[in-house]
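Okay, so here's the structure we're looking at.
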Amino acid sequence: MSILLSPEHLNELATAFGSPLYVYNADQITEQYKRLTTAFAQTDTRFFYACKALTNIHVLRHINSIGCNIDCSSINEVKLALFAGCTPNNVLYTSNGIHFSEIEEAKDLGVHINIDSLSNLEKFGQKFGPHYPVGIRLRPNIMAGGNMKISTGHDKSKFGIPVEQLDEILTLVEKYQLNIQNLHIHTGSDIKDVEVFVKGIEVLFDIIPHFKNLKSVDLGGGFKVPYQKGDGETDIDLLATKVKEAFDNHPNPNGQPLQVWFEPGKFLVSAAGYLITEVNVMKKSGDTVFAGINSGFNHLIRPMFYDAYHRIENISNKNGKEANYTVVGNICETDTFATDRSIQEIREGDRLVFYNAGAYGFEMSSNFNSRFKPAEVLVTNGNAQLIRKRDVLEDLIKNQQIN
Ligand SMILES: *Cc1c(COP(=O)(O)O)cnc(C)c1O
C-alpha cells in the first residue's frame with residue numbers, strides 16, 4: 001500500500017482546515033530516512049536533516065524522534081532544533097557568511113560547528129584555541145547542482161573556504177592549535193550524478209592527511225528528488241556503494257576511521273509535502289485558459305524563482321478530462337505556477353494540489369501583498385494535527401509601532 005496521501009484524504013484535510021494549506025506526511029519522511037540508513041548500512045554514517053527546507057518544530061521533533069540529526073543554516077535554526085528537543089550533540093551549524101557572535105552563541109549552546117571563512121576561523125582560534133572541536137567548510141571548486149542558483153561549490157561561489165587556501169587554513173590550525181574534527185563540503189542542490197559526490201570525496205582525500213584530529217567528513221546534501229514523471233533521482237544505493245569503496249580505498253592515514261556525514265534537506269521532506277489550493281476564477285484569453293488560484297509566489301516561490309516544476313492535480317475532479325491550463329496566483333505580480341499544463345478539467349471552486357511542496361515551500365513563503373501565510377498540518381499514522389495556524393490580520397500588524 002502506498003503511503004502517499006490520497007486525493008480523497010487531501011480533500012478531507014482542506015475541508016477541515018481550509019486552504020491554502022500545507023500538509024506534511026510524517027510517514028513519508030520516515031520512509032525516506034530509512035532509505036538512507038538502509039542504503040548506507042555498511043558505512044559509519046550520520047545524517048543531519050538540513051532543516052532550512054522546512055523548520056516547523058513539529059517536523060523537527062518528528063525528525064529527531066526517528067534518530068536523524070539536524071543541520072542548521074542560522075543560529076535561530078539551532079535554537080529551534082534545541083527547542084524541538086534535540087540534544088546539542090545531534091545539531092550541526094554549517095555557517096556561511098555569518099557574524100562571529102553567532103559562532104560564539106553556537107559554541108555556548110554546545111552544538112557542532114562548521115566554519116566557512118578564514119576570518120572566523122582566526123577569531124575562533126583567538127577566542128577558543130584548542131578547547132572546542134570545530135569543523136571547516138571547504139569550497140571544493142566543483143560545478144554541481146540543478147542550476148546556477150542552487151550551485152554552491154564552484155570556483156566563483158561564496159560558500160566555504162576555497163581549497164586552494166589550504167596553506168592559510170593550516171597556518172591558523174597550527175598557530176591556535178585548533179582541534180579540527182570535521183571537514184565539510186556541500187556542492188549544491190538537485191545533484192543527480194553520483195560521480196559529483198565522488199569527485200568531492202576525492203578532493204577531500206588530498207586534504208584529510210593534514211588534519212590529525214579528524215573524526216568525520218561531511219559531504220553535505222543536495223540529493224535530487226523526482227518532481228515529475230520520468231525525472232531522475234540520485235541513486236542512493238549506488239552512492240552508498242561508491243562512498244564505501246572510496247573510503248575503503250583511502251583509510252585515514254591518521255588512524256581513526258572517519259565517519260561520513262550527510263545533510264539531506266529536500267530528500268527527506270520534499271515529497272512528504274502537499275500544498276492544497278482552491279480555484280478562485282477561470283479566465284480565457286485567446287488560446288490560454290487561466291486557472292487563478294488562492295495562492296501565489298507568496299506561498300510557493302520555487303516555480304518562479306528556480307523555474308521548478310511542481311506536479312499539479314485537480315483533486316476535486318480526479319477523473320476529469322485533461323485539458324491545458326495556465327495556473328496562476330492571485331498576487332499583483334506575475335506568478336505563473338504552470339503554463340499550458342495538462343490537468344484534469346478545472347472549474348471554479350476546485351482544489352488543486354501541488355506535489356513535492358515539503359522542501360522550500362512554506363519555508364520560503366512571505367506576506368507579500370499583505371496576504372496570510374498558509375496553515376500547516378502534519379499527518380502521522382493517518383492522524384492530522386494542525387501544527388501552524390493560518391495568519392490573521394493581527395499577525396501583519398503585531399510588530400509595527402502603533403500609536
Ligand atoms: C541547503 C543545504 C543542504 C540541503 O540541500 P538539499 O538540496 O535540500 O538537500 C545541505 N547542506 C547545506 C550546508 C545547505 O546549505
Side-chain angles (χ1 to χ4, degrees), residues 24 29 32-33 35-36 39-40 45-55 59-60 63 68-78 81 91-98 102-103 106 111-117 120 135-140 142 144-154 157-161 182-194 196-197 200 204 216-227 231-236 239 260-273 301-302 305-306 308 356-364:
Y24 313 116
I29 298 175
Q32 286 295 88
Y33 181 61
R35 277 181 68 194
L36 288 176
F40 282 92
T45 36
R46 218 172 144 183
F47 297 96
F48 293 79
Y49 164 55
C51 74
K52 73 173 186 289
L54 175 61
T55 53
V59 173
L60 300 184
I63 297 258
C68 186
N69 310 281
I70 302 218
D71 175 52
C72 304
S73 296
S74 76
I75 193 70
N76 293 340
E77 286 185 355
V78 170
V91 177
L92 168 64
Y93 184 11
T94 298
S95 66
N96 133 61
I98 63 172
E102 281 197 22
I103 293 178
V111 301
H112 300 279
I113 306 168
N114 287 327
I115 292 183
D116 100 313
S117 67
N120 275 337
I136 296 178
R137 177 172 194 171
L138 294 165
R139 193 191 72 191
I142 291 171
N147 65 58
M148 205 57 191
K149 275 190 190 151
I150 53 176
S151 182
T152 55
H154 59 82
S157 163
K158 68 166 185 172
F159 295 95
I161 305 177
N182 183 43
L183 291 179
H184 167 280
I185 53 171
H186 169 69
T187 53
S189 197
D190 281 352
I191 307 169
K192 180 163 158 270
D193 186 1
V194 166
V196 168
F197 289 95
L204 285 176
S216 52
V217 292
D218 179 346
L219 301 176
F223 305 149
K224 180 167 171 40
V225 301
Y227 279 89
D231 241 5
E233 64 180 318
T234 312
D235 184 338
I236 297 298
L239 178 64
V260 183
W261 292 3
F262 285 104
E263 303 163 355
K266 220 173 244 188
F267 185 84
L268 289 176
V269 297
S270 174
I301 202 172
R302 299 190 71 260
F305 198 44
Y306 303 119
N356 280 100
Y360 312 109
F362 183 91
E363 207 58 33
M364 293 178 97

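The analysis underlying the following values was restricted to heavy atoms, covering all of them including side chains, and did not include hydrogens, waters or symmetry mates. Read the numbers this way: they start at 1 and go in the same order the structure lists the ligands and their atoms. Because the structure is predicted, anything quoted here is derived from the model rather than measured.
A side-chain donor from one of Glu102 and Tyr93 sits under 3.5 Å from a side-chain acceptor of the other. Donor-acceptor pairing under 3.5 Å is recorded for the side chains of Thr55 and Glu363.
With hydrogens left out, the protein atom closest to atom 10 (C) of ligand 1 is Glu263 O, 3.1 Å, a heavy atom. The protein atom (non-hydrogen) at minimum distance from atom 1 (C) of ligand 1 is Lys52 NZ, 1.2 Å. Looking only at heavy atoms of the protein, atom 8 (O) of ligand 1 is closest to Tyr360 OH, 2.6 Å. The single protein non-hydrogen atom nearest to atom 7 (O) of ligand 1 is Ser189 OG, 2.4 Å, given as residue, atom name and distance.
Looking at Asp71 against ligand 1, only its side chain comes within 4.0 Å, counting heavy atoms. At a heavy-atom cutoff of 4.0 Å, ligand 1 is contacted by no atom of Phe267, backbone or side chain. Residue contacts with ligand 1 for Ala53 are absent, since no atom lies close enough (heavy atoms, distance under 4.0 Å). Contacts between His186 and ligand 1 below 4.0 angstrom, taking non-hydrogen atoms only, involve the side chain exclusively.
Proximity to Thr94 (heavy-atom distance under 4.0 Å) selects the following atoms of ligand 1: 13 (C). The distance from ligand 1 to the heavy atoms of Ala50 drops below 4.0 Å at these ligand atoms: 3 (C), 4 (C), 10 (C). The Gly265 neighbourhood of ligand 1 comprises atoms 4 (C), 6 (P), 8 (O), 9 (O), with distances under 4.0 Å to a heavy atom of that residue. In the vicinity of Gly222, heavy-atom distances shorter than 4.0 Å reach the ligand 1 atoms 5 (O), 6 (P), 7 (O), 9 (O). Those atoms of ligand 1 with a heavy atom of Lys266 less than 4.0 angstrom away are 6 (P), 8 (O), 9 (O).
Residues His154 and Arg139 form no side-chain contact, since every pair of their non-hydrogen atoms from C-beta on lies 4.5 Å or further apart.
In this pair, Phe40 and Phe47 present their aromatic rings perpendicular. The plane angle is above 60°, beyond the 30 to 60° band.
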Please lay out, stage by stage, how Tyr33 and Leu268 fare under the test side chain to side chain contact (heavy atoms under 4.5 Å, CB included).
CA-CA 6 Å; Tyr33 181 61; Leu268 289 176; 4.0 Å; yes

What verdict does the ring pair (Phe, Tyr, Trp, His ring centres under 6.0 Å) test give for Phe223 and Phe197, after you've listed the backbone C-alpha separation in whole Å, the side-chain angles of each residue and the deciding distance to 0.1 Å?
CA-CA 10 Å; Phe223 305 149; Phe197 289 95; 5.4 Å; yes

Set out, in order, the CA-CA distance, both residues' side-chain angles and the distance that settles side chain to side chain contact (heavy atoms under 4.5 Å, CB included) for Lys158 and Asn96, then state yes or no.
CA-CA 8 Å; Lys158 68 166 185 172; Asn96 133 61; 3.4 Å; yes

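Between Leu138 and Ile185 the shortest heavy-atom distance is O-CG2, 3.6 Å. Considering every non-hydrogen atom in both Val91 and Val111, the closest pair reads O-CB, 3.4 Å.
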